[in-house]
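Residue numbers start at 1 and run along the sequence shown. Keep in mind that this is a model prediction, so the values were computed, not measured. These numbers come from the heavy atoms of this one structure, side chains and all, not from hydrogens, waters or symmetry mates.
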Amino acid sequence: SYMDLLADLNAMSGGVGGEYDATVIDTRNYGSVITGSTLADGASLKKETILPVDYKIADRYRILRLIGRGNTGVVYYCMDTRLEKECSVKAVAAGREYSKNDFARIKQNYKKLANEKHDNLVEIVDLHESSSGEEIFVVMELLKGANLMQYTENIRMEITTPEMPFSAISDVMLEVAKALDSVGEDVKRVHCDLKPVSIFIDDDGSVKFLDYGIVFLNQSDDINKTSSDVYKFPIANPDYMSPELWKHESLNLASDQYSL
């Protein structure tokens with residue numbers, strides 16, 4: 001069962017959701033800390049270094065505990081020792097799901113997103129790069145709530161019918177659709193891998209989208225778009241991929257709308 005899975009994941013890391021990608025702490029019924037996607041089948045991942053508790057990233061962000069890890073990086077629950085404020089820090093390293101050459105695109109994406117503020121995007125507050133240039137630390141606001149998968153499971157636990165009626169989640173899905181249109185129109189970015197675990201419902205009811213930095217911003221912005229030996233179309237969850245993504249055709253907001 002889903003609850004058994006959460007218990008197993010918690011046991012793996014003392015309350016941390018093992019092979020998952022996360023930027024949030026779930027404060028709902030589960031009390032768990034996983035928000036993200038499992039490792040892709042056949043993915044060749046570089047074994048990451050898990051930094052210890054109390055280690056200071058960039059001599060500023062003290063690690064309180066591991067939130068999660070997955071195919072896109074390792075995420076820590078941290079304290080900004082200068083501002084005395086909680087935050088999440090995502091360590092993204094080259095040589096994992098993407099090549100070292102492709103890593104330049106990932107860094108470019110995060111730098112651009114750090115300068116773009118939107119109510120429906122997780123705010124990036126700081127960026128740090130390792131001395132080797134093969135790892136970046138993305139400092140983000142700490143969200144509290146649940147991703148869409150957890151959110152619907154919470155609702156499912158509260159109803160008695162075998163199938164969950166759409167009316168039970170229609171209001172939140174309407175807010176998700178509005179948020180997606182707003183990001184597409186204002187930020188002009190295609191997520192490419194929209195799925196339940198990349199949609200977050202904050203405790204105040206607001207919608208946030210996760211992991212815009214991992215996929216490309218858009219094809220015209222991609223620094224690798226003219227290099228056939230480097231450029232790689234974004235990898236997405238096949239359950240939610242649009243037809244144009246399957247065919248490696250030009251992408252736009254409609255691709256994300258199809259996934260939704």
Side-chain angles (χ1 to χ4, degrees), residues 1-10 12-13 15-40 65-77 86-90 92 113 118-124 138 140-159 164 166 168-180 182-183 189 191-215 235-241 256-257 259-260:
S1 71
Y2 189 74
M3 295 303 292
D4 290 337
L5 174 61
L6 288 179
D8 290 342
L9 289 171
N10 285 338
M12 290 172 64
S13 303
V16 173
E19 294 290 324
Y20 278 77
D21 182 24
T23 56
V24 301
I25 292 179
D26 179 11
T27 59
R28 309 262 173 153
N29 294 341
Y30 297 131
S32 159
V33 291
I34 59 171
T35 63
S37 56
T38 56
L39 300 179
R65 63 168 165 153
L66 176 71
I67 292 180
R69 59 185 179 184
N71 57 328
T72 59
V74 182
V75 185
Y76 302 95
Y77 171 34
E86 296 172 316
C87 62
S88 62
V89 179
K90 184 169 190 172
V92 183
L113 287 172
H118 193 282
D119 289 343
N120 301 118
L121 293 180
V122 178
E123 183 181 4
I124 297 175
V138 186
M140 297 168 284
E141 64 175 317
L142 185 71
L143 303 179
K144 296 185 178 181
N147 65 44
L148 187 58
M149 178 182 291
Q150 296 164 331
Y151 186 90
T152 54
E153 287 296 332
N154 284 334
I155 294 176
R156 191 182 300 278
M157 292 172 62
E158 297 172 359
I159 63 177
M164 181 169 61
F166 181 71
I169 59 168
S170 57
D171 288 344
V172 71
M173 290 304 296
L174 179 60
E175 292 305 311
V176 170
K178 289 178 179 178
L180 183 62
S182 180
V183 172
R189 299 292 182 252
H191 190 289
C192 304
D193 191 20
L194 198 65
K195 52 188 180 290
V197 291
S198 59
I199 301 171
F200 190 80
I201 313 300
D202 210 335
D203 278 344
D204 63 5
S206 61
V207 176
K208 301 274 188 177
F209 296 108
L210 311 178
D211 288 335
Y212 262 87
I214 297 299
V215 299
I235 297 175
N237 186 314
D239 291 340
Y240 306 100
M241 284 173 61
D256 286 343
Q257 292 172 334
S259 299
L260 181 62

Do D211 and D193 come close enough that some side-chain heavy atom pair is under 4.5 Å?
no
Rounded to the nearest 0.5 Å, how far apart are CZ of F209 and CG of L121?
8.0 Å
Can you tell me how far apart CG (L210) and CD1 (I199) are? Round to the nearest 0.5 Å.
9.0 Å
Within-4.5 Å side-chain heavy-atom neighbours: V172 and T152:
no
Just verifying a value: how many Å separate D239 CG and S259 OG, rounded to the nearest 0.5 Å?
10.5 Å
Pairwise distance OH(Y77) to CD1(I67) - rounded to 0.5 angstrom:
8.0 Å
Strictly distance-based, threshold 3.5 Å: is any side-chain N or O of E141 a donor or acceptor partner for the main-chain N or O of E123?
yes
Distance check, rounded to the nearest 0.5 Å: I155 atom CD1 versus Q150 atom CD?
12.5 Å
Could you check if a side-chain atom of K178 sits within less than 4.5 angstrom of a side-chain atom of V176, using non-hydrogen atoms only?
no
Tell me, do P196 and Y151 make a side-chain contact under 4.5 Å, heavy atoms counted?
no
Let me see the working for D204 and K144 under salt bridge (Lys or Arg N to Asp or Glu O under 4.0 Å), right down to the final yes or no.
CA-CA 9 Å; D204 63 5; K144 296 185 178 181; over 6 Å; no
For H118 and S182, the nearest pair of non-hydrogen atoms, with its separation, is NE2-OG, 2.8 Å
Steps toward side chain to side chain contact (heavy atoms under 4.5 Å, CB included) verdict (L148, V197):
CA-CA 6 Å; L148 187 58; V197 291; over 6 Å; no
When you measure from the side chain of S88 to the backbone N and O of L142, does any donor-acceptor pair fall under 3.5 Å?
no
Could you tell me the separation between the CG atom of L260 and the NE2 atom of H191, rounded to the nearest 0.5 Å?
11.5 Å
Quick check against the 3.5 Å criterion: does N147 have a side-chain atom that pairs as donor or acceptor with the backbone of S198?
no
Side-chain heavy-atom pair V89, M140 within 4.5 angstrom cut-off:
no
Assess the residue pair K208 and L143 against the criterion (side chain to side chain contact (heavy atoms under 4.5 Å, CB included)); give the C-alpha distance rounded to whole Å, side-chain angles, the decisive distance to 0.1 Å, and a yes or no.
CA-CA 9 Å; K208 301 274 188 177; L143 303 179; 4.0 Å; yes
Quick one, L180 and L194 - any side-chain contact, counting heavy atoms below 4.5 Å?
yes
Sorted by chain and residue number, the side-chain hydrogen bond (donor to acceptor under 3.5 Å, both in side chains) partners of E175 (sequence neighbours excluded) come out as none
Heavy-atom pair with the smallest gap, counting every atom of G145 and D203
CA-OD1, 3.3 Å
Expected output: side-chain N237 to main-chain K195 donor-acceptor under 3.5 Å
no
